[in-house]
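Encoded as structure tokens, the structure appears first; notes follow it.
The analysis underlying the following values was restricted to heavy atoms, covering all of them including side chains, and did not include hydrogens, waters or symmetry mates. In what follows, every chain begins at residue 1, and chains take the letters A, B, ... in the order their sequences are listed.
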Amino acid sequence: MNNELTIQTLLNYLAIGCILITTLVSLWHYKYLSVSLKLLSILLCISSVITVVMTYLSIHHTNNLVYYNVYTIVEFIFLGFFFQDLFSSRRVKILVLGLILVFTGFAICNLFFIEGISNYNSYSLAIESILCIGLSLFYFLEMFKELKIPRLEKSPYFWINTGILFYFSGNLFLFTFSHYLQQKGGSMLADIYIMSPFIGIVYYTLLTIGLWNSRKT
Amino acid sequence: MEQQENLNIVLLLILGTCGMLVMSVFIIAFIVNYQRKMANQQNHMQEMQLAYQRELLEVAIEIQENERRRIAKDLHDEIGAMLSTMRLSLIQVSRNVPANSQSADYTQQAKNLLDETINNVRRISKDLLPATLDEFGLVDALEELCDKVRASAIMEVDFTCEATFRRVDPKVELTLYRIAQELINNSLKHANANRIEIALAKTESQLVLTISDDGDGFDHEEVSQRRGKGLGLKNIESRASAINASIQYNGVEKKGTHIVIEVALAS
């Protein structure tokens, strides 16, 4: 148990390090970034701040879920506008805007009236994951149809989109069953949540690669 | 109970792992198919560009041939006719000039020059517009071309062709005729040859024109790369590419030239 916790703590700090590195890379390249990547950069800055605050609160055994639940709403708003900028069709842009508005409304209701502000908002997290997976897959489809990118490995959007798909797919089942696992408690939750920072590390690494390549475009 | 819960958790983990594996496979499949589609698109673009260039070439050649046709017609109908009228007038004049006088000599000289001019105009007009090719086809046109070269007594010309030879696409016939014309001119001008052999063979799917001489031979790549030179060869290659014909240069320097032009026939 202690060893697992130590491994989890190590992975958590590694994930925090990855977030900070990705944020620094995005700020370093900020003036070269397109509108969508600038939005992502701002999201990363917010993510870094929230992560540091949550880690501090966690160390002091204070409930930090309020920040995480609010961050979930902010995260989807920024990712939504990120995807909206990527899509070329006007209809799709309007659809994405609609999704942002609907999700934000639902998540706020969930925060205050359904699952509560101090509890894990697994419904919001699950829906956010599904929407992000859908947007990511849709963008892959658009990339495949339009063939605008001559070399995929040099495209920041390919790496970032892959990261988003990987992150939200990987975390979807964690988010879906976190409420159930939280009620059961014990080591089961810790066992599952050892995967979460690992998925985060992969996610932020892919974002870093994407942002690194953004300068060349 | 606890065991069942643990089993559920493990199953969930396995499901999650499988899900991630599926996603990885999806990403890899996406990359592979994307690259393949890009490559196909680029090939398609290249094919379209080649087709467009070929079309431009065909148009340029057609314009050139139309211009030649117009000039040949003007030479024959206008210049040729006027020269013939002048000749008739000169014959009238010569009848009224006293015989064995200086005027008679000058008149005869003028008539000879006029005859030579009329023949040159006729020859230039025929070179520009080979009427035999239009009326009787490639075989007869090549035979006429060879007769002209033989008549000049510069070198021997041997033309062989299959006995049964039906006409093919006029564009193909004209192109092969022009190529033969250019190659014979090259042999006459540059090869120091004593003999040219022209052979025309036809299969169900192909027409093959072979032109050989016993002259000095040449390195066609070296000639093509020389600035300002090799325009005749470039002209031949342009005309050949317009009808999708292939050219093989099999000559050896100092041992003659052997050129084979193959063109596929439409079924």
request  = Verify the neighbour count for atom CZ of A:F87: are there more than 12 heavy atoms of other residues, nucleotides or ligands below 6.0 Å?
outcome  = yes

request  = Pick one of side chain, backbone, both or neither for A:L137, based on which atoms fall under 4.5 Å of a heavy atom in chain B.
outcome  = side chain

ask   = Hey, is CZ on B:F159 packed in by over 12 heavy atoms from elsewhere, all under 6.0 Å?
value = yes

key: Part of A:F166 lying under 4.5 Å from any heavy atom of chain B   = both

key: residues 28-47 of chain B: residues contacting chain A (heavy atom under 4.5 Å, by number)   = B:F30, B:I31, B:N33, B:Y34, B:Q35, B:K37, B:M38, B:Q41

ask   = Is A:K93 atom NZ crowded by more than 12 heavy atoms from other residues, nucleotides or ligands, each under 6.0 Å away?
value = yes

task = Evaluate whether atom NZ of B:K171 has more than 12 neighbouring non-hydrogen atoms of other residues, nucleotides or ligands under 6.0 angstrom away.
result = no

key: Heavy atoms of other groups near A:F144 CZ, more than 12 under 6.0 Å   = yes

Between CD1 on residue B:I27 and CG on residue A:N161, distance to nearest 0.5 Å = 7.5 Å

